[in-house]
Amino acid sequence: MNPIFADLPTTVFEVMSSLARETGAINLGQGFPDDPGPEDVRRKAAEAVLDGNNQYPSMMGLPELRAAVAAHYRHWQGLDLDPTTNVMVTSGATEALAGAIFGIVRPGDEVVLFEPMYDAYLPLVRLAGGIPRFVTLQPPHFRLTEEALGRAFSPRTRAVVFNNPLNPTATIFPDEDLALLADFCRRFDAIAISDEVWEHVVFDGRRHRSLMAVEGMRDRTVKIGSAGKIFSLTGWKVGFVCADAPILKVLAKSHQFLTFTTPPNLQAAVAYGLCKDDAYFETMRQDFARSRDRFTQGLERLGFQVIPSQGTYFLNIDIAPLGETDDVAFCRRLVMDHGVASIPVSAFYAQGAVKTVVRFCFAKKDPTLDAGLERLAGVARRAA
Ligand code: PMP
Ligand code: GLN
């Protein structure tokens, strides 16, 4: 068997969600909202199932969705994308990431990865034969530094996998950091695979800036998005890849043997959704920010130290003040003894893991959050 997979544990999201299902715990681990998602978008999908085309759609994605993606990013991020040469639809960001990594990385190429990192990146880089070069971002701000990038980039660097806003830290890289990364990519002639799935889930008036919009990056960035996050429909697995035409041509070749296409009915509904007016997106952000605040305040009242969340569905707590040194053991105790599932942040590291940070998903209805808080009562106080 291939040791890259044979030696890999099951992803922490599946492990924690399974434990939550088995034990009846409240699942604040894996990132998904417990709201059913916008009804008009779901209705469009239902109509498309009944009345639309249910055969293989175009390999590159429905033309209407590719046009909607280009228009959406022009409007929200000032990007200039040609829907026919710069946009491809994939089955979720996960497929987009796999296709980009397989399409770009040659055996022996170095790939810069930032820790903490989404758990799919490293096995995919390894499968492509890439050699990971890690940059460990330092809490609490998780910023890029010239020194750290200088240690990781080399003439053998082919690509860098970048995630902004960053899961699991719930931080957003400031423009200064984007400019620094862009400078390294240009200097070392590297392609940036920019995982921007959380681009719309940003709070307190913040705006997402795509790495692709940074000077000199238009033609060397592969921008990855996910309708699952934009519309709180995580099970739909409709993703987008945007890249310069010569790059996208190659990524299409890897896409054709990964999934080839994505369900046309869901694509039609996402095309409709991306054209929704600004108010939908603003309200979505405000609603999530309100849940974040409710959960943050609740945790603080219970004595937990919360690390502020700037975006994503997540917030983190620092468990070091509770005397805890093992996040995995802590999360296991929370789910088994207290009935609340969470995610140990050490799962996002390949080396030198921080073991005292725990991630919660707050993208839940008030009664779910409140029930979670009720079950967590006493955990911090007892430890203190
Ligand atoms: N990248 C990051 C940073 C994510 O958080 C996620 C899922 N939450 C994905 C990729 C995968 O997205 P999708 O479900 O569209 O495959
Ligand atoms: N991205 C989601 C999270 O961070 C989980 C996705 C998955 O389960 N693979 O929770």
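The environment of E374 atom CD is sparse: at most 12 non-hydrogen atoms of other residues, nucleotides or ligands sit within 6.0 angstrom. Other residues, nucleotides and ligands contribute more than 12 heavy atoms inside 6.0 Å of the CE atom of M59. Around NE2 of H141, the count of heavy atoms belonging to other residues, nucleotides or ligands within 6.0 Å does not exceed 12. Open room surrounds NZ on K253; 12 or fewer heavy atoms of other groups in view lie less than 6.0 Å from it. Around the CD atom of Q351, the shell of radius 6.0 Å holds more than 12 heavy atoms that belong to other residues, nucleotides or ligands.
Across all non-hydrogen atoms, the minimal contact from V69 to C242 is CG1-SG, 4.0 Å. When all heavy atoms of S254 and G103 are compared, the closest pair comes out as OG-N, 4.2 Å. Closest approach of L369 to C361, counting heavy atoms only: CD2-O, 4.5 Å. Across F288 and P33, no two heavy atoms sit closer than the pair CZ-CG, 4.3 Å. Minimum heavy-atom separation, V201 to K229: CG2-O, 4.0 Å. Counting all heavy atoms, side chain and backbone alike, L274 lies closest to F281 at O-CZ, 4.4 Å.
Using a distance-only test at 3.5 Å, with no hydrogens or angles considered, no donor-acceptor pair links the side chain of R285 to the main chain of F203. The closest donor-acceptor contact from the side chain of D82 to the backbone of T84 lies under 3.5 Å. For the pair N163 (side chain) and L166 (backbone), a donor-acceptor distance under 3.5 Å is absent. Of the possible polar contacts, one joining the S291 side chain to the D287 backbone as a donor-acceptor pair under 3.5 Å is found. Of the possible donor and acceptor atoms, one in the side chain of T157 sits under 3.5 Å from a partner among the backbone N and O of S154. Checking side-chain atoms of R186 against main-chain N and O of L181 turns up no donor-acceptor pair under 3.5 Å. In this structure, R133 contributes its side chain and V111 its backbone to no donor-acceptor pair below 3.5 Å. The closest donor-acceptor contact from the side chain of E199 to the backbone of G225 lies at 3.5 Å or more, if one exists at all. Although no hydrogens or angles enter the test, the distance criterion places a donor-acceptor pair under 3.5 Å between the side chain of H255 and the main chain of F260.
Proximity of F314 to P168: side-chain heavy atoms (C-beta onward) are nowhere separated by under 4.5 Å. In this structure, P165 and T171 have side chains that are not in contact, with every pair of non-hydrogen atoms separated by 4.5 Å or more. The shortest side-chain heavy-atom distance between L79 and R74 does not fall under the 4.5 Å cut-off. Side chains of Y313 and N167 form no contact here, defined as non-hydrogen atoms less than 4.5 Å apart. Contact of the D195 side chain with the L97 side chain is registered, since non-hydrogen atoms from C-beta on lie closer than 4.5 Å. Contact of the R156 side chain with the D109 side chain is not registered, since no non-hydrogen atoms from C-beta on lie closer than 4.5 Å. Residues M16 and C331 are in side-chain contact: their nearest non-hydrogen atoms beyond the backbone lie under 4.5 Å apart. Using a 4.5 Å heavy-atom cutoff, the side chains of F330 and V379 are in contact.
A salt bridge links E14 with R21: the distance from a Lys NZ or Arg NE/NH1/NH2 to an Asp or Glu carboxylate oxygen falls below 4.0 Å.
With 3.5 Å as the limit, one finds no donor-acceptor pair spanning the side chains of E324 and T356. In this model, a donor atom of one side chain and an acceptor atom of the other lie less than 3.5 Å apart for D34 and T368. Side chain to side chain, R126 and N2 fail the donor-acceptor criterion of an N or O pair below 3.5 Å. Counting only N and O atoms by type, the side chains of Y73 and E196 include no donor and acceptor under 3.5 Å apart. Side-chain contact of E300 with Q305: a donor-acceptor pair under 3.5 Å is absent, judged by distance alone. Between E95 and T259, the side chains place a donor N or O and an acceptor N or O closer than 3.5 Å (distance only, hydrogens not considered). For S232 and D35, the side-chain atoms include no donor-acceptor pair closer than 3.5 Å. If you check the side chains of T221 and S194, you find no donor sitting under 3.5 Å from an acceptor.
Taken from CZ in R332 to CG in D337, the straight-line distance is 10.5 Å, to the nearest 0.5 Å. From N86, atom CG reaches atom CE of M212 across 6.5 Å, with rounding to the nearest 0.5 Å. Here L322 contributes atom CG and D318 contributes atom CG; the two are 8.0 Å apart, rounded to the nearest 0.5 Å. In this structure, CZ on R151 lies 9.0 Å from OG1 on T136, to the nearest 0.5 angstrom. Rounding to the nearest 0.5 Å gives a distance of 11.5 Å between CD1 of I247 and CE of M88. Distance CD1/I191 to CZ/R158: 4.0 Å, rounded to 0.5 Å.
Taking the ring centre of F295 as origin, the terminal cationic atom of K364 falls outside the region bounded by 6.0 Å and 45° from the ring axis. Because its NZ or CZ atom is both nearer than 6.0 Å to the ring centre of F184 and within 45° of the ring axis, R187 counts as a cation-pi partner of that residue. Within the cation-pi definition used here (under 6.0 Å to the ring centroid, within 45° of the axis), R292 does not qualify as a partner of F362.
Of the listed residues (R207, H72, R209, K223), just one forms a side chain to side chain donor-acceptor pair (under 3.5 Å) with Q77, and that residue is K223.
Put simply, V135 and L178 are part of the same group of oily side chains (I, L, V, M, F, W, Y) that touch within less than 4.5 Å, one to the next. Under a hydrophobic-cluster definition in which Ile, Leu, Val, Met, Phe, Trp and Tyr are linked whenever side-chain heavy atoms come within less than 4.5 Å, directly or via other members, V161 and L251 are assigned to the same cluster.
Aromatic ring pairs are classed by plane angle as parallel below 30°, tilted from 30° to 60° and perpendicular above 60°; the pair F114 and F162 is perpendicular.
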field: Stepwise ring pair (Phe, Tyr, Trp, His ring centres under 6.0 Å) check, H208 with W198
entry: CA-CA 9 Å; H208 176 72; W198 297 105; over 10 Å; no
query: Does the pair R218 and D80 meet the rule for a salt bridge (charged side-chain N to carboxylate O under 4.0 Å, His left out), with working shown?
result: CA-CA 9 Å; R218 166 66 176 68; D80 182 15; 5.7 Å; no
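Taking the ring centroids of F134 and Y349, they lie at or beyond the 6.0 Å cut-off.
D177 pairs by the salt bridge (Lys or Arg N to Asp or Glu O under 4.0 Å) definition with R143, not counting sequence neighbours. In this view, D40 and Y272, K276 satisfy the side-chain hydrogen bond (donor to acceptor under 3.5 Å, both in side chains) rule, not counting sequence neighbours.
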